[in-house]
Structure formats: C-alpha cells, structure tokens
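Working notes, structure below.
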Amino acid sequence: MDVPRDAPVYTIGAVRRLTGLTDRQIRYYDETGLVVPARTPGNQRLYSEADVGALREIKHLLAEGRRIDEVRAILALRSRARAASREDLMKSSDAGMRFGEAAALRSIYPLANRPELLRAIDTRRNHTPGTRNEK
DNA sequence: TTTCTTACA
DNA sequence: TGTAAGAA
C-alpha cells in the first residue's frame with residue numbers, strides 16, 4: 001500500500017545523491033531548522049520523501065537567486081498555508097461553504113499560489129543591503 | 001565505509 | 001560553504 005510521504009527512509013548519503021546538494025548544505029538546513037529530519041537510535045539523520053521534496057525546493061529557490069532567509073520565509077508560509085488548507089478543506093464541502101470559510105480560503109490561496117508572496121519578497125530584496133544574485 | 005559534531009578558514 | 005579531526 002501507500003508509504004506515507006513523511007516516512008523517514010533516506011540517509012544523508014541518499015539525499016545527497018537525490019538532490020545534488022552537499023552534505024554540508026543538507027546538515028546546515030537541519031541546524032537552521034529549514035528541514036529537520038528524523039533520527040535513528042544511532043543519531044543518523046533519516047529523511048522522508050517530503051523532506052527530499054523540501055530540499056529540492058530549497059535548491060530550486062537558491063538557484064533562482066533567493067537568499068536563505070527568503071527561502072526560510074517561503075517554506076514557513078507554505079507549511080502554514082498547507083496546515084490551514086487542510087483545516088478548511090475538512091469542513092467546507094463546496095455545498096455548505098459559509099462566509100467565514102470563504103474568507104479564510106481567500107486569505108490562504110493567494111499565498112499558496114505565490115504571486116503576492118514573491119512580489120513582497122522581490123520588494124524586500126531591493127531594499128536589503130548585501131543582496132546577491134547570480135555569481 | 002558512512003555519518004556525526006565541532007570548529008576554523 | 002568547504003574542510004579537518006576524532007568518535008560511533
């Protein structure tokens with residue numbers, strides 16, 4: 001049957017090959033709370049499919065010139081939007097959606113779809129000293 | 001052999 | 001981020 005996307009199964013070596021990131025980067029993202037994997041009894045990091053997906057997203061954003069703190073903001077907003085979506089989708093069958101629920105959804109989808117979020121971030125980049133793009 | 005932590009360049 | 005050292 002289905003393996004839960006958060007089942008911890010990949011060692012850091014596997015993740016390195018799967019994402020193309022270095023061990024150092026993968027561990028650094030763990031240390032800074034970006035992607036925190038499960039641990040084996042021997043303290044080895046064990047990444048899930050979901051973790052690998054997040055890591056790939058980070059790599060993609062960094063390749064676009066996004067800074068680590070921006071990536072952190074994007075991931076944080078995403079998981080928030082995801083959690084909120086779960087709740088709303090639970091109690092809103094399209095037949096019985098009421099005003100409050102509709103408003104909640106409107107406040108969530110714009111973030112999930114990114115345009116406003118990305119615009120806000122781009123604005124901040126132009127105002128932040130030390131910004132670096134391609135190298 | 002691989003991964004872990006800590007610490008310095 | 002890369003790399004080194006020493007332990008698991």
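Reminder, nothing fancy here: chain letters follow the sequence lines and each chain counts from 1.
- Taking the side-chain contact (heavy atoms from CB on, under 4.5 Å) definition, one finds that A/P37 meets it with A/D30, A/R45, A/Y47, A/D51, sequence neighbours left out.
- Taking a 4.0 Å limit (strictly below) on heavy-atom distances, residues 46-56 of chain A does not reach DNA chain B anywhere.
- In this structure, CG of A/D30 is placed 11 Å from C1' of B/dC4, rounded to the nearest angstrom.
- Side-chain N/O atoms of A/R27 include none lying less than 4.0 angstrom from OP1 or OP2 on B/dT3.
- Legend: residues meeting side-chain contact (heavy atoms from CB on, under 4.5 Å) with A/T32, ordered by chain and number and at least two apart, are A/Y28, A/L34, A/R72.
- The side chain to side chain donor-acceptor pair (under 3.5 Å) search around A/Y10 returns A/E49, not counting sequence neighbours.
- The shortest side-chain heavy-atom distance between A/R78 and A/E57 falls under the 4.5 Å cut-off.
- Here the closest heavy-atom approach between residue A/E70 and residue A/R67 is recorded as OE1-N, 2.6 Å.
- Note that CG of A/L18 is 12.5 Å distant from CD1 of A/I12, once rounded to the nearest 0.5 Å.
- With sequence neighbours left out, A/R56 forms a salt bridge (Lys or Arg N to Asp or Glu O under 4.0 Å) with no residue at all.
- Of the side-chain N and O atoms in A/T11, none sit less than 4.0 angstrom from OP1 or OP2 of B/dT2.
- At a non-hydrogen distance threshold of 4.0 Å, A/R39 from residues 32-39 of chain A come into contact with DNA chain B.
- For residues 11-21 of chain A, the pairs satisfying side-chain hydrogen bond (donor to acceptor under 3.5 Å, both in side chains) are A/R16-A/D23, with sequence neighbours left out.
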Strictly under 4.0 angstrom, non-hydrogen atoms only: write out the protein contact profile of nucleotides 2-8 of chain C, one letter per nucleotide from the 5' end, B, S or -. BB-----
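- Rounded to whole Å, the distance from CZ on A/R16 to P on B/dT1 is 14 Å.
- By the side-chain contact (heavy atoms from CB on, under 4.5 Å) test, A/A50 is found to be paired with A/R5, A/S48, residues two or more places apart in sequence or in another chain being considered.
- Residues that satisfy the side-chain contact (heavy atoms from CB on, under 4.5 Å) test with A/P41, not counting sequence neighbours, are absent from this structure.
- As rounded to whole Å, 16 Å separates atom P of B/dT3 from atom CD of A/E31.
- A straight line from CG of A/D23 to P of B/dT1 spans 16 Å, rounded to a whole angstrom.
- In this structure, A/R45 places its CZ atom 17 Å from P of B/dT2, rounding to the nearest Å.
- With sequence neighbours left out, the side chain to side chain donor-acceptor pair (under 3.5 Å) criterion links A/T22 to A/Q25.
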